[in-house]
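Note sheet for the following structure.
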Amino acid sequence: MTLAPLFSPRSVALIGMRRTAPSLGHMILGNLLASGYSGEIFLVNPNADMIENRKVHKSIAELPPVDLGVVLTAPKLAATVIDELGANGCRTVIVITAGFSAEQEEDILKIARGHGIRVLGPNSMGSFAPGANTSFSPIPIAGGSVGFISQSGSIVVVAQESLVSEGFSGFVSLGNKLDIDEVDVLEYLGQDPSTQVITAYLESFSQPMKMRNILTEISRKKPVIVVKGGRTVEGSRAVSSHTGALAGDFRLTRSLLQDCGVIVTDTIEQEMALARFITKFGVRNHSGIVTISSAGGPGVLAADEMIEAGVTLAELSQETVTRLSQIIPPSGNASNPLDLVADAGIDRYIDTITAIRDDPAVTTIVLIIVHPVLIETEELLQAVDQLELPIICAYLGPEFAEFDHFDNLVVYQTTREVAEILTQVNWYHTWKERSAGANQEHLEGESKSAEDLESLLTAYGFDFPDTLLTTSIDQARIWAGSHSAVVLKLKHPDFSHKTDSGGVILNITPATIDSAWEQLQAIYAGAGIVDGMIELQPYYSGGLELVLGAIHDQQFGHFLLLGEGGTLVEHRDDTIFLPSPTTREAVLHALSQLKFYRLLHGYRGGFSVDMDRLVDRVLALDKLITDHPHITELDINPLYLLPDQMVVLDCRSDEAS
């Protein structure tokens, strides 16, 4: 059922209106009228005749059919109210009231579904659309092009305060998400032509797998920005593997959201600052930044912040530099970052901007203002605004908000904030381009099975080194004698992380195998294990160690882990998670984000890894996990990379009980 009655109701009934103010009902009525609502408004209270000079109905039965019912009654009465609204023909209800028991919520949901009613709340602050503000927000709200979804009513107010000048195309306070959830509202805002940017504050996800598909579809058309609440709460998963140890709840959530093209920010203020930027300038690549300032220090710091954030400065052409040298005094700087000197007047600013605007290397102009010496900030910004160019301004002073009212400028308080915004917009722009041209190749084939992990990995194309498992030192000596060097390992379920207990000894020759054998048997003896099994493998050197793993998240399903492997994998944490199932394009992009990536391409004379073959291994694990969803954790560390081989030197897994 459509959510249109929530955003554009033809009639609204406020049920449970108190006779006197202040009350939430009075606030909703005031907001509804202040928003210019032109539909019918019905007030229901069995004990009142008039409220706010409006006729009050004694019961819902007296009302004609209404589009939207707003429930303000006590929890014990809500189920009855919704039943009566259903009989009235109402199909959308906002439950403002809080304090429901689980049983009361179940009763509401059962009755609502019986009537085909969609319910927002309970414990909702309401909703807003231009011309229909059915919320009890204490702040006047302007119409605009930013949609907002929040799991917290008070966060809605924070968002409103951060977006006063731009306004909202609609917002929804989800409350307890008894029925209407973030997926429902995302679908509506994604199709809403007046919503240019979707923003959200979410603490949990009601339909995570459906949400993944919807977010990807929406992000290809318009930006979605999310702040996730509860980022530091650890999940209940076991961490028996390296993969599990590296997988915090928020890290998986963030990787899934970003895989869907969602921009993830840390705060509501950052989210709304980014939304303001996009509504003003749209989405494009900002790969050639020029900073303009009347002081050298702020320009240099801004350049540092841009580069550190991953945004590149424009290399101005010699022709442009020559023109600038005729405008900027010798004591300034005519190369990027531009220093106009403290005595710069408005003409110098305008002439400088005019000189660089047509340079093909320039994508974005960042104007940095430290309170001018000889001119007024307001006059300067007005003059720049009249150029009708998309220019970003950083006003480094406490009154920056006073200047946030221009048509072609957007003003921020710090250059670091500007750098972060440009980085996020560039990320999203790149994601859209990659998504549009992606080769959505998954590994096909039949599901394979095996009794143990090594056999299962082998069935999916993974290679293992020659291996001897034995309790006999004589066998070990003979086997080692046929190799230049070997590795000895403990092989027992009590030693999952063998390296931590000294259970892996490298580069053993026939001359040193006896001492290595005794060392491992001593570890077994200390654990009360007699004649423990020893694993022997050839000793590899000169290669690269990759960690490749998988983990199951209760909300979002399986994720793949890939990155630099070895014994220090958790310490270095040069790793990245990918939601499963994934694609060749996504794997290649994920690998390119690792610091480890340059080692894969012959860093400082090293060998280059066969990237197609490596991606095939990642997709093979993706297929394995898809075929065997009962595996909750799987850890290959390392997958040892050589010029002509990729071998699994160690692996472990865990399954759902």
Query - Distance (rounded to the nearest 0.5 Å) between Leu488 CG and Ile505 CD1 - result: 6.5 Å
**Report entry** Parallel, tilted or perpendicular: rings of Phe559 and Phe556 (30°, 60°)
**Finding:** perpendicular
Query raised in the report: Is the CZ atom of Arg284 crowded by more than 12 outside heavy atoms at less than 6.0 Å?
Result: yes
Requested in this report: Assign the ring pair Tyr640 / Tyr540 to parallel, tilted or perpendicular, where the plane angle (0 to 90°) is split at 30° and 60°.
Outcome: tilted
Requested in this report: Could you check if a side-chain atom of Arg276 sits within less than 4.5 angstrom of a side-chain atom of Tyr412, using non-hydrogen atoms only?
Outcome: yes
Query raised in the report: Going by an N to O cut-off under 4.0 Å, is there a salt bridge joining Lys210 and Asp181?
Result: no
Requested in this report: Please answer whether the main-chain N or O of Leu560 pairs with a side-chain N or O of Ser580 as donor and acceptor at a distance below 3.5 Å.
Outcome: no
**Report entry** N-O pairing of Lys177 and Glu182 below 4.0 Å
**Finding:** yes
Report summary line: Separation between CG (Leu252) and CG (Leu257), nearest 0.5 Å, reads 11.0 Å
Query raised in the report: With a 3.5 Å cut-off and no angle check, do the side chains of Gln270 and Thr265 form a donor-acceptor pair?
Result: no
Query raised in the report: Does any non-hydrogen side-chain atom of Ile149 lie less than 4.5 Å from one of Tyr188?
Result: no
Requested in this report: Kindly determine whether Val197 and Ile225 satisfy side chain to side chain contact (heavy atoms under 4.5 Å, CB included), including the steps that lead there.
Outcome: CA-CA 8 Å; Val197 182; Ile225 313 169; 3.8 Å; yes
Query raised in the report: Would you say Thr467's side chain and Pro465's backbone share a donor-acceptor pair under 3.5 angstrom?
Result: yes
**Report entry** Non-hydrogen side-chain atoms of Leu3 and Val172 separated by less than 4.5 Å
**Finding:** no
Requested in this report: Check the pair Tyr201 / Val158 against side chain to side chain contact (heavy atoms under 4.5 Å, CB included), numbers first and verdict last.
Outcome: CA-CA 11 Å; Tyr201 168 77; Val158 175; over 6 Å; no
Query raised in the report: With a cut-off of under 6.0 Å to the ring centre and 45° to the axis, is Lys623 in cation-pi contact with Tyr460?
Result: no
Query - Heavy-atom donor-acceptor pair, Asp574 side chain to Gly563 backbone, under 3.5 Å - result: no
Query raised in the report: Does Gly147 offer a backbone N or O that forms a donor-acceptor pair with the side chain of Thr195 under 3.5 Å?
Result: no
Requested in this report: Would you check if Thr253 and Asp553 make a side-chain contact, meaning some heavy-atom pair closer than 4.5 Å?
Outcome: no
Query raised in the report: Would you say Gln196's side chain and Ile278's backbone share a donor-acceptor pair under 3.5 angstrom?
Result: yes
Requested in this report: Can you measure from CE (Met533) to CG (Leu520) and round to the nearest 0.5 angstrom?
Outcome: 13.5 Å
Query raised in the report: Taking side chain as C-beta onward, heavy atoms only, is Lys489 less than 4.5 Å from Gln537?
Result: yes
Report summary line: Scanning both residues in full, the closest heavy-atom pair of Ile513 with Ala480 reads CD1-CB, 3.5 Å
Requested in this report: Check Leu546 against Asn637 and note the closest heavy-atom contact, atom names and distance.
Outcome: O-OD1, 4.2 Å
Requested in this report: Specify the closest pair of heavy atoms between Met211 and Leu256, including all atoms of both residues, with the distance to one decimal.
Outcome: CE-CD2, 4.3 Å
Query raised in the report: Any side-chain heavy-atom pair from Val547 and Asp635 closer than 4.5 angstrom?
Result: yes
**Report entry** Other residues, nucleotides, ligands: >12 heavy atoms within 6.0 Å of Arg113 CZ
**Finding:** no
Report summary line: Only residue of Val609, Val615, Ile576 satisfying side chain to side chain contact (heavy atoms under 4.5 Å, CB included) with Leu591 is Val615
Query raised in the report: Which atom names give the shortest non-hydrogen contact between Asp466 and Pro538, and what distance separates them?
Result: O-CD, 3.0 Å
Requested in this report: Answer yes or no: is there a donor N or O on one side and an acceptor on the other, between the side chain of Lys222 and the main chain of Leu189, under 3.5 Å?
Outcome: yes
Query raised in the report: Centroid-to-centroid, Phe277 to His286, below 6.0 Å?
Result: yes
Requested in this report: Mind listing the closest non-hydrogen atom pair of Asn285 and Thr363 along with its distance?
Outcome: O-CB, 3.8 Å
Report summary line: The reported gap from CD1 in Ile534 to CG in Leu490 (rounded to nearest 0.5 angstrom) is 5.5 Å
Query - Qualifying salt bridge (charged side-chain N to carboxylate O under 4.0 Å, His left out) pairs with a residue from residues 258-271, counting only residues at least two apart or across chains - result: Arg212-Asp259
Report task. State, yes or no, whether a side-chain contact exists between Met611 and His601 at a heavy-atom distance under 4.5 Å. Result -> yes
Query - Candidate pair Ile198 and Asp192, rule side chain to side chain contact (heavy atoms under 4.5 Å, CB included), full reasoning - result: CA-CA 10 Å; Ile198 299 175; Asp192 177 31; over 6 Å; no
Query raised in the report: In Å and rounded to the nearest 0.5 Å, what is the CG to CG distance from Asp184 to Leu120?
Result: 10.0 Å
Query - Flag side-chain contact, heavy atom, 4.5 Å: His628 against Ser447 - result: yes
Requested in this report: Please check if the side chain of Asp622 supplies one atom and the backbone of Thr582 the other of a donor-acceptor pair under 3.5 Å.
Outcome: yes
Query - For Phe464, all residues meeting side-chain contact (heavy atoms from CB on, under 4.5 Å), sequence neighbours excluded - result: Glu454, Leu457, Thr458, Phe462, Val648, Cys651
Report task. Kindly say whether Lys595 contributes a backbone atom to a donor-acceptor pair with the side chain of Glu564 at under 3.5 angstrom? Result -> no
Report summary line: d(Thr415 OG1, Leu422 CG) to nearest 0.5 Å is 11.0 Å
**Report entry** Test item: Ser124 side-chain N/O and Ser173 main-chain N/O as donor-acceptor pair under 3.5 Å
**Finding:** yes
Requested in this report: Measure up the Phe168 and Phe148 rings against each other and bin them: parallel (under 30°), tilted (30 to 60°), perpendicular (over 60°).
Outcome: tilted
Report task. Without swapping roles, check the side chain of Tyr428 against the backbone of Ser219 for a donor-acceptor pair under 3.5 Å. Result -> yes
Report task. Search all heavy atoms of Ile523 against all heavy atoms of Gly502 and return the closest pair with its distance. Result -> CD1-O, 3.4 Å
Query raised in the report: side chain to side chain contact (heavy atoms under 4.5 Å, CB included) with Leu163: which of Val146, Thr279, Ile268?
Result: Val146
Report task. Just do the side chain to side chain contact (heavy atoms under 4.5 Å, CB included) check on Ile392 and Phe281 with the steps written out, would you? Result -> CA-CA 9 Å; Ile392 309 161; Phe281 297 128; 3.8 Å; yes
